[in-house]
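Inspection log for the structure reproduced underneath, given as structure tokens.
Remember, it's 1-based here, ligands and their atoms both numbered in the order they're listed. As a basis for the values below, the full set of heavy atoms in this structure was taken, side chains included, without hydrogen atoms, waters or symmetry mates.
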Amino acid sequence: MSIKTRFLLSYIGVIVIFITLLLVVGFLFLFAITGDLRSIEHFYNKSYVQKPLTNVEESAFTDLMYMAKKEQQSLSDEEKLKEIEADSIDILIKREQELVYTSPNLNEKNLLESLPEFESTNINTRGSMKTEDNFYTYVKYDFYFANKDKGSVFVLRKVNPYAELTREWFPLLFGLLLFLFTMAIGILNYLVSRSIIKPILVMKEGAERIKEGNLDFEMTPTSNDEIGQLNRAFEEMRIKLKESIQMQLQYEENRKELLSNISHDLKTPITSILGYVEGIRDGVANTEEKREKYLTTISTKAKDMDVLIDELFLFSKLDLKKVPFNFETIPLHNYMSDYVGETSLDLVEIDVHITLLSQENSLYVKADRDKLRRVLSNLISNCVKYMDKKYKQITIELIEKQDEVMIQVSDNGSGIEEAALPYIFDRFYRAELSRNSQTGGSGLGLAIAKQIVLEHGGDIWATSEFGKGTTIHFSLKKVEGRGGK
Ligand SMILES: Nc1ncnc2c1ncn2[C@@H]1O[C@H](COP(=O)(O)OP(=O)(O)OP(=O)(O)O)[C@@H](O)[C@H]1O
Ligand SMILES: [Mg+2]
């Protein structure tokens, strides 16, 4: 059964129950007012009209009927008529088109017009009638006066006009109520189908598109209710799925590139090693000096390859999260001072100046000492490698932030072109300039640094001005006080 049908059935159910309850309450109400169960039963029963009078009224009617048949002169005897009236019974005597006697309670205009027609057969003696202001039930007797004048005697009883009104209008009101309920069902069904069924259909369509592999569409939620939330969750799922597929494709692309890069980077030194070996074997290196030079080159190339393989191995282990990290709380200022002191000895030899800028002496971070050293040496080696100025300056700055410490390694070297900047942390990426230059390198230095920083829960990025210099920024989680090891 479709949701639409279910809703429709539940509306109809609710409305049927509602009408039943309404009727029950209505009848109970009527019963409470009249106290007579039969009044309910007879609400639509003719016998209610057939026997409209009380016993006293009936006997008054019998008296009047007797007078009409046998003692017509008494009908103009007001004394006698008053006697009949004594029990507050309303009577009326009509002669031709004239009311010859009416009880004082019946002083109503246009009463004459409302009275039923003369009927010599006296078949329909009982009934109800409506005047301008009231409803009456009556019993009447039609007869002829001695001079053939048409005469009628009536005993009347006022009826509560509301009861009569209800009786008259009830079918219409009930029909109207039913009509309104039907309309309400229609409107509710339309609203529900607009707010629930439509969004569900949109999602179904979306799911079918996803099944077919099409993820390039958008589902905009139309509301904030549960359906809207479901819609939103579905849309988020689509976006995540799309991202994950794109990531998958990207990985696939990376894997291919990685393989081609490794092949290329290993092939180049091997080709030259083979070339030099051939040179020795063929006697091209015919002097001791030449042979020595060839052997040195072979050794250098082999060492380069060894370094590359080591780097590759480390990177792949970091990528697979197989390198153990030994985190400790490190006093960053002291650690950096020691590091800068140590490296400056090597740097002085190649005429590079290194400066540490740090005001805060009590900065502690959570880090792995050896891995942090690896990050710094990769960055410094880049600063040195891509230095093209006469005065060579490297600056390390420590900046304290709310929950972390920023470490900035700046140089006044060649800088990086803006187009290359987003890629320098990718494995094997080398800016065109460095690829063509004689600097050497595999393009793994920054990728390894990034893996290590990420593993520390920090972030790493670069800013650079081409021709002027580069700054690599990375963050480490701050530790308050001297807690930890
Ligand atoms: N300080 C810098 N100044 C200028 N360019 C830089 C600097 N640091 C990195 N780069 C650019 O980013 C690229 C990637 O750097 P990365 O350290 O990953 O590789 P590499 O230095 O080429 O090789 P490896 O570090 O593996 O020997 C470099 O090839 C270079 O083009
Ligand atoms: Mg490098």
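Residue Leu446 holds the heavy atom nearest to atom 16 (P) of ligand 1 of all those in Leu446, Asp411, Asp304.
In summary, the atoms of ligand 1 found under 4.0 Å from a heavy atom of Tyr429, numbered by their order in the structure, are 13 (C), 14 (C). Within ligand 1, the atoms closer than 4.0 Å to a non-hydrogen atom of Gly415 are 4 (C), numbered from 1 in the order shown. Interface of Gly445 with ligand 1, defined as ligand atoms under 4.0 Å from a residue heavy atom, comprises 16 (P), 17 (O), 18 (O), 24 (P), 25 (O), 26 (O). If you number the atoms of ligand 1 from 1 as listed, the ones under 4.0 Å from a heavy atom of Ile424 come out as 12 (O), 14 (C), 18 (O). Atoms of ligand 1 found under 4.0 Å from any heavy atom of Arg430 (numbered from 1 in listed order, with element): 20 (P), 22 (O), 29 (O). Near Glu311, the atoms of ligand 1 lying under 4.0 angstrom from a non-hydrogen atom of the residue are 26 (O). Residue Ser414 approaches ligand 1 through these ligand atoms, each under 4.0 Å from one of its heavy atoms: 4 (C).
Screening the protein for N, O or S atoms under 2.8 Å from the Mg ion (ligand 2) yields 1; no waters enter the count.
Taking only nitrogen or oxygen atoms, main chain and side chain alike, Gly443 reaches within less than 3.5 Å of ligand 1. The N/O atoms of Lys385, backbone and side chain alike, include one that comes under 3.5 Å of an N/O atom in ligand 1. Taking only nitrogen or oxygen atoms, main chain and side chain alike, Ala447 does not reach within less than 3.5 Å of ligand 1. For a threshold of 3.5 Å applied to N or O pairs, the pair formed by Ile416 and ligand 1 contains no separation below that value.
Using the six-membered ring where Trp is involved, Tyr391 and His353 have ring planes that are parallel, under 30° apart on the 30 and 60° scheme.
Taken to the nearest 0.5 Å, the CZ atom of Arg373 stands 12.5 Å off from the CG atom of Asp368. In this structure, CG on Leu308 lies 7.0 Å from CG on Leu444, to the nearest 0.5 angstrom.
A salt bridge does not link Arg427 with Glu311: none of the charged nitrogens is closer than 4.0 Å to a carboxylate oxygen. Salt-bridge check for Glu218 with Arg238: failed, with every basic side-chain N at 4.0 Å or more from each acidic carboxylate O. Taking the charged nitrogens against the carboxylate oxygens, Arg209 and Glu212 have no contact shorter than 4.0 Å, which rules out a salt bridge. Between Glu235 and Arg232, none of the side-chain N atoms (NZ, or NE/NH1/NH2) sits under 4.0 Å from a carboxylate O, so this pair counts as no salt bridge. Between Lys211 and Glu208 no salt bridge is recorded (no basic side-chain N to carboxylate O distance below 4.0 Å). By the 4.0 Å N-to-carboxylate-O rule, Lys242 lies close enough to Asp216 to be salt-bridged with it.
The environment of CE in Met237 is crowded: more than 12 heavy-atom neighbours from other residues, nucleotides or ligands sit within 6.0 Å. Counting heavy atoms of neighbouring residues, nucleotides and ligands inside a 6.0 Å radius, atom NZ of Lys371 exceeds 12 of them.
Ligand 1 lies nowhere less than 4.0 angstrom from a heavy atom belonging to Gly413.
Neither the backbone nor the side chain of Phe425 comes within contact range of ligand 1; no heavy atom lies under 4.0 Å. Only the side chain of Thr470 comes within 4.0 Å of ligand 1, judged by heavy-atom distances.
Evaluation of the salt bridge (Lys or Arg N to Asp or Glu O under 4.0 Å) rule for Arg369 yields Glu328 as partners, not counting sequence neighbours.
Listed here is the closest heavy atom pair of Cys383 and Ile394: CB-CD1, 3.6 Å.
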